[in-house]
Amino acid sequence: MYTFSIYLRLLRAQLRSQFQYRASFWLDVFTTAVFSGVYFLSFALLLERFGQIDGWRLGEIAFLAGMTELTFALMDLIFSGFDPDFFAPNVQMGRLDQIFLRPVSITVQLLGSRLVLRRLGRALEGLVILLFGIFASGMHWTLAKVLYLPILMVSQIFCMGALFIAGSTITFWTVQRVEAVNIVTYGGVEMMSYPMSIYPAWIRRFFTYVLPFIFMNYYPALFFLDKPDPLNMPAFAPFLAPFVAAILFWLALRFWRFGLNHYQSTGS
Amino acid sequence: MPYFWTLVRTSARQQMTYRMAMWAGLATNLFFGLLRAAVLLALYNGQPVVNGLTMDGALTYVAFSQALIAFLTVFGSFDIMRTVYDGSISGDLLRPANFFFYWMGREAGRAVVNLFWRGLVFIGLFALFYPIRTPASFTQWLLLTLSLLLSWLLNFTWIFLTNLLAFWTPDAQGILRWLFGLAQLLSGWMVPLRLMPDWFSRFCTFTPFPGMFNTSLEVYLGLLPGPAVWQALGLQLAWLILFVILAQLIYRAGIRRLVIQGG
């Protein structure tokens, strides 16, 4: 409880500092939203010529892409402190030593060390695309879908958060930020925005058996949109998301603890 | 002029120092390239030609667009803006070169290295996965070189121009990010303009942006018949001249507002 109140206090400090320049803040949120929207817009324009991609129409793609955008942006907001691009300089400059000296959980300090509210812009954009997708695809709501939607979103947030934590942990050894991590994080998001059935088999297998992203977005989307499964997975595949997320997050935390125990300062 | 070449050489050497970053960049480009190729293949869905662009032409577009990210600085750059904010511009203004040419020299050095490492090497790597086309004749190579040079100059001047905003606002980053995103879309880098809806690509031709990428792509693929090539190159040149004049005017107006703090 004590740690949690510390976390809240750290967050409040972050919020206050970012709200100092209110007009500039909202302008930033707005431009971020429009800027992120450009990518989806370009794909929507492309679909105007082609009509569909592998049997998916614009509304269905919007559901897939909007969901990924929304959860990634929320994750990016909550786990800002673990963003490898932000975390690596902490290790490089030896700033992590300071954090070690304080009598509060290191994980909590990092979670509270940064909250980039500007990213609300991207979340907003994701939400708009998702809502458009739900309407345009003519999605048929059932009780199961209503119950599963929030579970799925939380699962996606934790799944991608696990990647951020793991990516940051690697920098304990590499000191520098590892660009290859971006392939998995930003590349993973980009990949999850399209139906997985379009990728070459070897890429798809990697993201089914090694990093099981396919269960985080593609299969749940098949369930929500009542689409047939061209890959013939078992019928429970759409519901694996919470389990995959839980396992990945647990593994990432284990790795993080292991990294913390083996941390050697850069000595600067 | 000798000072310009010194700048080019130094920044090229600086860029070559980061070998690991180079490989990491290549790996990232390759991954995104494969993703984008899969998306285009699924969209084509077996159609041989869409609006004059063949399927292997579309795959070549993916290779070409990923190969030029570093060379053309497609995602933009905030370097000049930062020197205004941290005051290091005061040192750069003392140099024996015009501010515009000073940055052009620095950027040119980086670009040459990136054209080879992130460009040619990338296209070679990509060709291991998908068949890609290359210009067919010597003339076409020559035209491509010309068009790429103009593209590079246009991109550089665009980045220079937008960064000058730093003279007027204390936080230009958000606006710049937005402008660079706009350029990615309208230049045909995100999606070749031929595959866009007709009304959209027609709109783009009235802007300077296609000259920053799409023209070079069309020249590379040999999509422009005889006189149309020269017309396209001429348009690139015209926009470039306008950009350079604008850059000089805005720079002159902005530099008078510059206040360097501290020291």
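A, B, ... follow the sequence lines: proteins, then strands. Residue 1 opens every chain. It should be emphasised that the depicted structure is a prediction, and the values quoted were computed from it without experimental measurement.
Qualifying side chain to side chain donor-acceptor pair (under 3.5 Å) partners for B:W199, counting only residues two or more places apart in sequence or in other chains: A:E48. In this structure, the side chain to side chain contact (heavy atoms under 4.5 Å, CB included) partners of A:S80, at least two apart in sequence or on a different chain, are A:R114, A:V116, A:R119.
Side chains of B:Y44 and A:F50 form a contact here, defined as non-hydrogen atoms less than 4.5 Å apart. In this structure, A:I198 and B:V39 have side chains that are in contact, with non-hydrogen atoms separated by less than 4.5 Å. Side-chain contact between B:I175 and A:T31 is absent, with no heavy atoms from C-beta onward closer than 4.5 Å. The side-chain heavy atoms of A:L47 and B:L43, taken from C-beta on, include a pair separated by under 4.5 Å. Side-chain atoms of A:Q52 and B:N45, non-hydrogen and from C-beta on, do get closer than 4.5 Å to each other.
Within 6.0 Å of atom CH2 in B:W168, more than 12 heavy atoms from other residues, nucleotides or ligands are found, so the atom counts as buried in its surroundings. Environment of CZ in B:F75: crowded, with over 12 heavy atoms of neighbouring residues, nucleotides or ligands closer than 6.0 Å. A 6.0 Å sphere centred on OH of B:Y85 holds more than 12 heavy atoms belonging to other residues, nucleotides or ligands. Within a 6.0 Å sphere centred on CZ of A:F30, heavy atoms belonging to other residues, nucleotides or ligands number 12 at most. Environment of CZ in B:R177: crowded, with over 12 heavy atoms of neighbouring residues, nucleotides or ligands closer than 6.0 Å.
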Check: When you look at A:V38 and B:L182, which way does the side chain to side chain contact (heavy atoms under 4.5 Å, CB included) test go after all the steps?
Finding: CA-CA 7 Å; A:V38 167; B:L182 192 72; 5.8 Å; no
Notebook entry, point to check: Step by step, would you call B:L34 with A:W202 a side chain to side chain contact (heavy atoms under 4.5 Å, CB included)?
Noted result: CA-CA 12 Å; B:L34 294 179; A:W202 64 274; 3.8 Å; yes
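Contacts of residues 51-59 of chain B with chain A at a heavy-atom distance below 4.5 Å involve B:N51, listed in sequence order. For residues 187-194 of chain A, heavy-atom neighbours of chain B at less than 4.5 Å comprise A:G187, A:E190, A:M191, A:Y194, sorted by residue number.
Neither the backbone nor the side chain of B:Q173 comes within contact range of chain A; no heavy atoms are under 4.5 Å apart. Within the 4.5 angstrom heavy-atom criterion, atoms from both the backbone and the side chain of B:M196 approach chain A.
Counting heavy-atom pairs closer than 4.5 Å to chain B, the top-ranked of the candidates A:T32, A:V34, A:N182 is A:V34. Most heavy-atom pairs under 4.5 Å with chain A: of the set B:D198, B:L35, B:V50, B:V191, this distinction falls to B:L35.
Between atom OG of residue A:S42 and atom CG of residue B:L195 there is a gap of 11.5 Å, rounded to the nearest 0.5 Å.
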